[in-house]
S.K.: 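I am attaching a structure below and will ask some questions about it afterwards.
Every heavy atom of this structure was used, including side-chain atoms; hydrogens, water molecules and symmetry mates were not.
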Protein chains: 2
Amino acid sequence: MNVSPLEEYGLRCAVQLASLPEGESLSAPEIAEREGLSVEYVSKFMLLLKRGGLVKTIRGIKGGFLLAKHPAEIPLKEVFDALKQNRKTNRGFCDSFSGKSETCVRSKGCAIRPFWQILSRYIEEFTTRLTLQDLLQGEEVTSLKTRGIALENVARFKEEVTV
Amino acid sequence: MNVSPLEEYGLRCAVQLASLPEGESLSAPEIAEREGLSVEYVSKFMLLLKRGGLVKTIRGIKGGFLLAKHPAEIPLKEVFDALKQNRKTNRGFCDSFSGKSETCVRSKGCAIRPFWQILSRYIEEFTTRLTLQDLLQGEEVTSLKTRGIALENVARFKEEVTV
DNA sequence: TCAAAACAATACTTTTTTGTACGGTTTAAA
DNA sequence: TTTAAACCGTACAAAAAAGTATTGTTTTGA
């Protein structure tokens with residue numbers, strides 16, 4: 001339950017692109033400079049973002065990266081998913097079984113599952129509703145919108161509980 | 001943003017102990033059997049849980065592990081924290097800076113921080129309010145309580161937003 | 001008192017992830 | 001047409017985490 005370096009850096013670089021005027025691009029060296037990372041490292045996860053369909057590239061001298069869509073159309077989840085591409089393991093609770101058994105020991109009656117399911121659903125809600133555009137609006141606005149999502153979630157949970 | 005094996009297995013084993021009648025213990029081989037893990041591996045994180053003050057041990061033949069407190073007094077967060085003890089890196093957003101800079105490039109005006117802060121606060125709320133006891137109540141109850149926490153969170157968020 | 005079974009602790013191996021290096025291809029411009 | 005700067009892609013090295021092995025200490029009970 002913690003953030004991987006790729007997730008953090010990748011999101012930051014995506015935000016850099018989102019902050020550009022429409023149609024402009026940024027080269028890997030420029031991004032690296034702005035984020036204090038190595039050019040090679042930036043190149044690595046920009047490639048992932050490209051494969052994830054978030055980013056378009058311009059090759060050759062004068063080349064660079066730009067978002068494939070408007071920032072408002074790119075939920076954070078898309079960024080995170082793109083960056084997960086080349087991971088060997090991709091775990092959530094109950095995905096992983098023991099080293100010994102073929103299937104989860106508690107395929108029924110798992111004590112952990114409901115907790116995990118609700119929490120992960122909540123996180124997913126957060127990351128699909130918030131877009132790169134939202135992050136650009138500055139701290140106050142982002143803060144308000146994040147809280148707004150929490151609020152709406154509550155409403156939905158409430159319905160489900162009272163039914 | 002995914003669950004580490006230690007976190008999942010550790011929590012499961014803690015739940016095993018929580019499910020015992022008051023005062024009874026379970027040995028590492030027994031836990032390992034029930035969860036389909038190796039005895040050595042179980043021993044490893046039971047030691048962490050012990051150091052975290054969650055678990056008491058009985059040495060010698062007939063030895064084993066038991067919870068140091070009533071399951072209702074052990075929030076999931078405590079379990080997770082105990083299991084984090086021997087990690088080398090412990091990252092959240094904005095904890096980690098680039099390899100090059102001494103301090104975070106965006107120590108002010110960070111686009112990512114508010115999103116991350118609210119989400120992590122929410123997760124923390126979840127894990128401090130839910131206890132091992134809750135997980136024992138079975139899927140429906142856990143599910144309801146988890147939703148209940150979501151609900152209360154909303155109320156709190158709402159206050160903050162409208163102020 | 002001795003043996004068996006269990007916890008304690010650390011060292012070690014393997015796997016995964018992080019981060020770097022480097023050779024190749026593309027393109028703008030002189 | 002040549003060169004420089006940038007993307008592309010993979011291979012490689014280093015660090016972290018996962019999981020195992022082993023040795024030692026404690027305790028029960030024959």
S.K.: Measure from CG on B:Asn2 to C1' on D:dA18 and round the result to the nearest Å.
M.R.: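 So the two atoms are 14 Å apart, to the nearest Å.
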
S.K.: Distance check needed: C:dA8 P versus B:Met46 CE, whole Å only.
M.R.: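 Checked: the CE to P distance equals 10 Å.
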
S.K.: So do B:Asn2 and A:Lys84 actually touch side chain to side chain, heavy atoms under 4.5 Å?
M.R.: no

S.K.: Does a side-chain N or O of B:Thr57 approach OP1 or OP2 of C:dA8 to a distance below 4.0 Å, or not?
M.R.: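 Answer yes for this pair, as a side-chain N or O of B:Thr57 is under 4.0 Å from OP1 or OP2.
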
S.K.: With 3.5 Å as the limit, what N/O pairs link the protein to nucleotides 13-17 of chain C?
M.R.:
unit_1	atom_1	unit_2	atom_2	d
C:dT17	OP1	A:Thr89	OG1	2.8
C:dT17	OP2	A:Lys88	N	2.8

S.K.: What are the two closest non-hydrogen atoms of B:Thr128 and B:Glu125, and how far apart are they?
M.R.: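 B:Thr128 and B:Glu125 have their closest heavy atoms at OG1-O, 3.2 Å.
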
S.K.: Quickly work out the B:Phe45 CZ to D:dG19 P distance and round it to whole Å.
M.R.: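 Whole-Å distance recorded here is 9 Å.
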
S.K.: Are any of the side-chain nitrogens in A:Arg12 or A:Glu8 under 4.0 Å away from the carboxylate oxygens of its partner?
M.R.: yes

S.K.: Measure CG/A:Leu47 against P/D:dA11 and give the value in whole Å, please.
M.R.: 14 Å

S.K.: Quick one: pull up OG in B:Ser43 and CG in B:Leu47 and give me the separation to the nearest 0.5 Å.
M.R.: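 These two atoms lie 8.5 Å from each other.
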
S.K.: Do any side-chain nitrogens or oxygens of B:Ser43 fall under 4.0 Å of OP1 or OP2 in C:dA8?
M.R.: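 For C:dA8, neither OP1 nor OP2 has a side-chain N or O of B:Ser43 closer than 4.0 Å.
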
S.K.: Are any of the side-chain heavy atoms of A:Leu135 and A:Leu76 separated by less than 4.5 Å?
M.R.: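 Yes, their side chains come closer than 4.5 Å.
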
S.K.: To the nearest angstrom, how far is A:Leu48 atom CG from C:dT18 atom P?
M.R.: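 After rounding, the reported distance stands at 11 Å.
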
S.K.: Figure out the CD1/P separation between B:Ile58 and C:dC7, and round it to whole Å.
M.R.: 9 Å

S.K.: May I ask you to verify if any side-chain N or O of B:Lys50 is less than 4.0 angstrom from the OP1 or OP2 atom of C:dA8?
M.R.: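 For C:dA8, OP1 or OP2 has a side-chain N or O of B:Lys50 closer than 4.0 Å.
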
S.K.: Determine the interplanar angle of the A:Tyr9 and A:Tyr41 rings, folded into 0 to 90°, and report it as parallel if under 30°, tilted if 30 to 60°, perpendicular if over 60°.
M.R.: perpendicular

S.K.: For B:Arg51 and C:dA8, is the shortest distance between a side-chain N/O and OP1 or OP2 below 4.0 Å?
M.R.: no

S.K.: Rounded to the nearest angstrom, tell me the gap between atom CG in B:Leu6 and atom P in D:dA16.
M.R.: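 Distance, rounded to whole Å: 17 Å.
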
S.K.: For residues B:Ile123 and A:Ile123, determine if any side-chain heavy atom of one lies less than 4.5 Å from a side-chain heavy atom of the other.
M.R.: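 Yes - at least one pair of side-chain heavy atoms lies under 4.5 Å apart.
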
S.K.: Grab the two heavy atoms, one from B:Leu67 and one from B:Ala18, that are nearest each other, plus how far apart they are.
M.R.: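 Minimum heavy-atom separation between B:Leu67 and B:Ala18: CD1-CA, 3.6 Å.
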
S.K.: Near B:Lys62 NZ, under 6.0 Å, is it more than 12 heavy atoms from other residues, nucleotides or ligands?
M.R.: no

S.K.: Can you tell me how far C1' of C:dC7 sits from CG of B:Leu26, to the nearest Å?
M.R.: 14 Å

S.K.: What string of B, S and - do you get for nucleotides 20-30 of chain D, 5' to 3', when a contact is any protein heavy atom under 4.0 Å?
M.R.: BB--BBBBB--

